Amino acid sequence: MIKSELIAQLTEENPHLFQRDIERIVASIFEEITKALESGGRVELRGFGAFSVRHRAPRIGRNPKSGESVNVPAKSVPFFKAGKELRQRVDASMRS
Amino acid sequence: MGCRFGSYVAVLRIRHKTYGHTRKFQYIVLTAKITRHRFFVNALRGRSSMGMQMSGNTLTRAGLAESLVSEVGLSRQDSSDFVDRVFELMSDELAQGKSVKLSSFGAFHVRDKRQRMGRNPKTGEEVAIEPRRVVVFKSSQVLKDRVDSGNK
């Protein structure tokens, strides 16, 4: 499923709203999540999962092609951990 | 003032009669009243008057719904229904073993893990970790860049 398919599904379920309204709703949701992570916060969506920011220490990496050392600066990366309910549902899909 | 604060007109009138202030002053009193009222209502509902950030800096479904109220102008009920439905649709897709790709945000994939030997960290004994299916999130370059530059 891609974003446009998600929007199409929601539009179908909400005939009283225009597609552009649904687009704004979906965009707002992910923009808010991004903004929260940008400011160093966490986003907890019960049943689905949690987004957080993880900090990576600076390290000396290697260019795999030439083998030379390069300094990799410290950075912050977005991280997602699936919630219990989602984890169980996804795992159950393999066993069925 | 318009009819947005219709229910507060009564307050204005009472104040006008009782204290006989000038019109300009009344406007100030009225505004202060509304702000105070909103603050109180929000506090009762466990929200911050400043927006979606609450309970430290953890954003929840309620906070997301609140942002739809203020940014898209949906009702509280519709907003929280939409937030729930979006994540429900995404979960349904993943539960069917399919991916969810959201451009400029990231992609959720399911990945099958083989059986491996693990160790109980407490007792040290070896236990087999069954093969399982997990959700992995790969953030888009846009999200990575924004998160990194925001947390420098």
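A, B, ... follow the sequence lines: proteins, then strands. Residue 1 opens every chain. Worth saying up front: this structure is predicted, and the values here are computed from it rather than measured.
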Value rounded to 0.5 Å, distance of CZ in R46(A) from OG1 in T60(B):
8.5 Å
Residue E44(A) versus chain B: region with a heavy atom under 4.5 Å
both
Applying side-chain contact (heavy atoms from CB on, under 4.5 Å) to L64(B) and L45(A), what does each step give before you reach the verdict?
CA-CA 10 Å; L64(B) 280 178; L45(A) 303 159; 3.6 Å; yes
Applying a strict 4.5 Å limit to non-hydrogen atoms, the region of I33(A) in contact with chain B is both
Under a 3.5 Å distance rule, please check whether D91(A) uses its side chain to pair with a backbone N or O of R133(B) as donor and acceptor.
yes
Measure distances from K144(B) to the heavy atoms of chain A and classify the residue's part below 4.5 Å as side chain, backbone, both or neither.
both
Let me confirm one number: the CZ-CZ distance from F48(A) to R61(B), rounded to the nearest 0.5 Å.
9.0 Å
Considering only heavy atoms, which portion of E71(B) lies under 4.5 Å from any heavy atom of chain A: side chain, backbone, both, or neither?
both
May I have the step-by-step check of side-chain contact (heavy atoms from CB on, under 4.5 Å) for V86(B) and F30(A), ending in yes or no?
CA-CA 10 Å; V86(B) 163; F30(A) 295 102; 4.1 Å; yes
Counting heavy-atom pairs under 4.5 Å with chain B, which one of K81(A), H55(A), R24(A) comes out on top?
R24(A)
By a 4.5 Å heavy-atom criterion (distance strictly below it), what part of E13(A) contacts chain B: side chain, backbone, both, or neither?
side chain
Heavy-atom pairs under 4.5 Å with chain A, option from V83(B), V134(B), V100(B) with the top count:
V100(B)
In terms of heavy-atom pairs under 4.5 Å with chain B, the winner among I25(A), V53(A), I2(A) is I25(A)
Could you look at F87(B) and say if it's the side chain, the backbone, both or neither that has a heavy atom under 4.5 Å from chain A?
both
Nearest atoms (heavy-atom pairs only) where S93(A) meets A95(B):
CB-O, 2.8 Å
Any donor-acceptor pair under 3.5 Å linking the side chain of R85(B) with the backbone of L10(A)?
no
With a 4.5 angstrom heavy-atom cut-off, is it the side chain or the backbone of S104(B) that approaches chain A, or both, or neither?
side chain
Sub-3.5 Å donor-acceptor pair from the side chain of D148(B) to the main-chain atoms of K75(A), do we have one?
no
How many angstroms lie between CD1 in I29(A) and CG in L102(B), if you round to the nearest 0.5 Å?
10.5 Å
Is the backbone of S103(B) close enough, under 3.5 Å, to the side chain of K3(A) for a donor and an acceptor to pair up by distance?
yes
Indicate the ring-plane relationship of F137(B) and F51(A), choosing parallel, tilted or perpendicular according to the 30° and 60° boundaries.
perpendicular
Cut-off 3.5 Å, side chains only: do S91(B) and R89(A) have a donor facing an acceptor?
no
On a heavy-atom basis, the closest approach of S28(A) and V72(B) is OG-CG2, 3.7 Å
Tell me which of these, A82(A), S4(A), G40(A), has more heavy-atom pairs under 4.5 Å with chain B than the rest.
G40(A)
Could you check which of V136(B), N151(B), L89(B) has the highest count of heavy-atom pairs closer than 4.5 Å to chain A?
N151(B)
If you tally heavy-atom pairs under 4.5 Å between each of R87(A), Q9(A), E5(A) and chain B, the highest tally belongs to Q9(A)
Among L17(A), N14(A), V26(A), single out the residue with the greatest number of heavy-atom pairs under 4.5 Å to chain B.
N14(A)
Which of D84(B), D92(B), L74(B) touches chain A most, by non-hydrogen pairs under 4.5 Å
D92(B)
Quick one: do V147(B) and F79(A) satisfy side-chain contact (heavy atoms from CB on, under 4.5 Å)? Show the steps, please.
CA-CA 10 Å; V147(B) 167; F79(A) 179 79; over 6 Å; no
Among Q96(B), K152(B), M90(B), K138(B), which residue forms the greatest number of heavy-atom pairs with chain A at distances under 4.5 Å?
M90(B)
F82(B) and I22(A): CA distance, side-chain angles, deciding distance, side-chain contact (heavy atoms from CB on, under 4.5 Å) verdict
CA-CA 9 Å; F82(B) 265 111; I22(A) 308 282; 3.8 Å; yes
Charged N-O contact under 4.0 Å between R146(B) and E31(A):
yes
Relative to chain A, which segment of D112(B) carries a heavy atom at a distance below 4.5 Å: side chain, backbone, both, or neither?
side chain
Atom group of V77(A) that falls short of 4.5 Å from chain B, counting heavy atoms:
backbone
